[in-house]
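The structure under discussion appears below in the form of structure tokens.
Every chain is numbered from 1 and lettered A, B, ... according to where its sequence line falls, protein lines coming before strand lines.
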Amino acid sequence: MKEILQSIADRIISADDRGVTPRDLNVADGILSYMHLMPAHTRRAVTQLIWLFEYLPPVIILKPRRFSRLGPRDQDRYIEAWGTSRLGLLRTGFRVLKTLALSTYYQNSASWKAIGHMEE
Amino acid sequence: MISTLPTASEERAQVCIVGSGAAGSVLAYELADAGLDVILLEEGEELGKADFTQREGELIPRIYADAGSRATHDAAIPILQGKCLGGTTVINHGICFRTPERILDEWRREFGVSGLSLDTLQPHFERAEKMIGARRLGPAEINPNNQVLKRGCERLGMSGDVMTLNMQPCGSCGPCNLGCPEDKKGSTLVNYLPAAAKRGARIFRNCRVQSVQVENGRAAGVTAGSFRVRAGVVIIAAGAVNSPAILLRTGLGNAIPAIGSGVSLHPLFPLLVFSDTPLHSMKGLPHSYYCDEFFSADDFLFEGLFVSPGVFASGMGGFGRQHREFMKQLPRLGLTYVQLRDRTRGQVRLAGGEPVVRYTMNQEDRERARKALKLLAAICLEGGAAKVATTHVKPVVMRDKSEIAQIDQAMFRPNDLTVFSAHPQGGCPMGANPRRSVVDSQCAVHGVAGLYVCDASVFPSPVGINPMISIMALASLTAERIIGSSVGAGL
């Protein structure tokens with residue numbers, strides 16, 4: 001699960017410029033810790049979503065690989081396919097994963113220097 | 001600390017109040033001030049200003065409902081509600097609007113609500129505003145982000161004004177949505193609740209109420225895990241999600257079929273503002289100007305805002321490289337939003353004993369949101385924004401008014417763009433018809449003597465404006481009515 005979340009965070013956050021990366025900030029661990037604070041029914045649904053996201057590339061973008069094994073370009077195409085899908089369930093999945101990744105990364109003050117936050 | 005953890009398995013009081021937010025804290029103060037023996041129960045913990053460290057990762061799980069993960073059934077609309085002593089008044093931006101007269105008229109006309117007029121509420125508005133330190137901001141307090149909205153309104157001849165907030169000038173330390181480390185925000189944590197405790201109200205924290213005890217058709221107390229409170233009057237003030245959930249867990253759903261119905265969310269549609277010059281949108285009071293040009297005819301408001309980085313980043317449009325490029329411009333980013341008085345109605349239901357908010361925005365509201373975002377884009381561009389962007393997965397970026405029509409091509413289905421709710425209302429609607437409402441015009445639950453619901457859940461239709469003062473005034477009036485009623489006399 002951690003490996004999947006790391007791959008998702010890498011592509012959604014895309015901080016491979018001069019900023020610290022999601023791996024530097026242990027975003028995947030942060031998401032897993034946060035999930036333990038969620039109500040049980042929400043946590044179960046998010047867990048199922050993460051596994052579903054990992055294994056649906058063959059169906060969604062016709063690539064016979066798990067998400068975490070795709071190349072960056074296909075990963076981005078796959079994420080966008082979820083976010084813009086005609087299926088509400090996939091758009092929900094995109095929203096949840098995006099929120100988890102971005103909020104976990106940007107609430108860490110170590111990410112702020114690269115975006116100029118709290119600088120005069 | 002003004003609260004304690006329960007030590008006995010059972011306590012007794014004349015009045016038991018569930019929830020310590022805008023309604024519960026006012027009720028506790030007013031009833032204790034009248035000499036009644038009051039117990040107030042809060043699900044969350046008590047924090048003081050030293051605890052409000054501005055660290056999102058630490059605070060959001062502590063002070064937001066469901067650790068910040070509360071949302072509609074399809075995750076399309078996060079629902080931001082406080083879960084700590086002081087409730088949502090701790091995490092909101094302190095906006096003080098009085099209930100518009102036309103909304104009160106609508107409640108009377110369409111739902112049979114009686115005794116709720118501007119005249120009736122006037123002294124209660126004044127009382128609440130004084131208690132929480134509401135003040136109209138000065139023009140110099142409009143921060144650069146909100147200035148974009150103001151300039152745009154002025155240049156286009158549209159109606160707008162500075163906010164009235166319960167916030168005093170502060171050190172501009174950061175986002176107000178994480179609680180105030182300077183006690184400059186007049187949340188009920190720093191006024192009503194200490195005053196209630198001083199008047200003898202007993203406040204218990206970390207008490208999650210499962211249900212109301214109903215005996216022989218009247219309220220007899222509440223159960224919170226192994227802790228029970230016995231009281232002849234029970235007032236549920238747990239908010240628009242938890243109040244109906246408590247009534248449903250009590251087993252009143254069959255007798256009162258309207259429980260959980262009529263939920264509105266006041267959906268907020270953000271619009272990102274890019275400036276050529278630094279805005280530092282978190283400096284100053286982040287919520288300092290609004291535009292009400294379209295409120296009467298179209299039922300939406302425009303407001304300026306900024307929030308903490310994690311919430312901001314997750315709400316911004318796009319993902320990956322484009323999102324990162326947006327974030328790297330943070331000092332020059334601003335945020336405005338549409339606040340829609342929605343026509344959609346959802347429901348609160350239970351799943352495994354927990355509340356689920358079922359709400360799917362109807363087509364009419366989606367088109368109203370589209371219209372409103374186009375108008376807001378025009379205002380912000382006129383106000384000096386270099387460009388503006390929607391929060392879609394593929395954001396609509398507009399540099400010129402001629403590009404605003406691109407919004408017509410964008411999708412507005414659930415989760416196509418970011419929508420927040422900070423003002424859930426309904427779920428225990430007020431009205432004269434017991435088949436279509438949960439409480440009467442006195443906030444008394446139909447058919448259960450001594451049981452009241454008093455918070456935003458009783459609003460039969462959304463108030464349209466930020467609801468804190470409406471909730472507080474209703475609570476103040478309800479307390480007055482309980483004190484003056486036979487129920488109050490019998491206590």
task: Mark yes when over 12 heavy atoms from residues, nucleotides or ligands other than Lys394(B) sit less than 6.0 Å from its NZ; otherwise mark no.
output: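 Counting other residues, nucleotides and ligands, NZ of Lys394(B) stays at 12 neighbours or fewer.
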task: Take atom CZ of Arg249(B) as the centre, draw a 6.0 Å sphere, and report whether it contains more than 12 heavy atoms from other residues, nucleotides or ligands.
output: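 Yes.
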Euclidean distance, [Y] [atom2] relative to [X] [atom1], rounded to 0.5 Å:
| X | Y | atom1 | atom2 | value |
| --- | --- | --- | --- | --- |
| Phe319(B) | Arg11(A) | CZ | CZ | 8.5 Å |
| Phe312(B) | Ile115(A) | CZ | CD1 | 9.0 Å |
| Thr84(A) | Arg413(B) | OG1 | CZ | 8.0 Å |
| Ser14(A) | Arg321(B) | OG | CZ | 4.5 Å |

field: Distance-only donor-acceptor check, side chains Arg43(A) and Ser69(B), under 3.5 Å
entry: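 Ser69(B) and Arg43(A) do not have a side-chain donor-acceptor pair below 3.5 Å.
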task: Go through the side-chain N and O atoms of Thr92(A) and Asp74(B) and say whether any donor and acceptor fall under 3.5 Å apart.
output: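 The criterion, which ignores hydrogens and geometry beyond distance, is not satisfied for Asp74(B) and Thr92(A).
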field: Segment of Ala76(B) engaging chain A (4.5 angstrom heavy-atom cut-off)
entry: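 Neither part; nothing is under 4.5 Å.
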field: Proximity breakdown for Met411(B) and chain A, heavy-atom pairs closer than 4.5 Å
entry: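 Answer is neither: Met411(B) stays 4.5 Å or more from chain A.
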- request: For chain B, find its close neighbours in residues 98-110 of chain A: heavy-atom separation under 4.5 Å, sorted by number, or none.
  value: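 Interface residues of residues 98-110 of chain A: Lys98(A), Thr99(A), Leu102(A), Ser103(A), Tyr105(A), Tyr106(A), Gln107(A).
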- request: Enumerate by number any residue of residues 26-42 of chain A whose heavy atoms lie under 4.5 Å from heavy atoms of chain B; in the absence of such residues, state 'none'.
  value: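 If one takes a 4.5 Å heavy-atom cut-off, the residues of residues 26-42 of chain A near chain B are Tyr34(A), Leu37(A), Met38(A), Pro39(A), His41(A), Thr42(A).
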- request: Heavy-atom pairs under 4.5 Å with chain B are the metric here; pick the option from Ile13(A), Asp76(A), Ile79(A) that has the most.
  value: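 Looking at each option in turn, the highest pair count goes to Ile79(A).
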- prompt: Between Val46(A), Ile12(A), Val96(A), which has the largest tally of heavy atom pairs under 4.5 Å with chain B?
  reply: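 It is Ile12(A).
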query: Does His117(A) reach the side chain of Met327(B), with side-chain heavy atoms less than 4.5 Å apart?
result: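 No; the side chains remain at least 4.5 Å from each other.
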Chi angles and distances behind the side-chain contact (heavy atoms from CB on, under 4.5 Å) call for Phe94(A), Asn415(B): CA-CA 8 Å; Phe94(A) 168 83; Asn415(B) 283 310; over 6 Å; no
Contact summary for Asp416(B) and Arg95(A), nearest pair of heavy atoms: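 The pair with the smallest heavy-atom distance is C-NH2, 4.0 Å.
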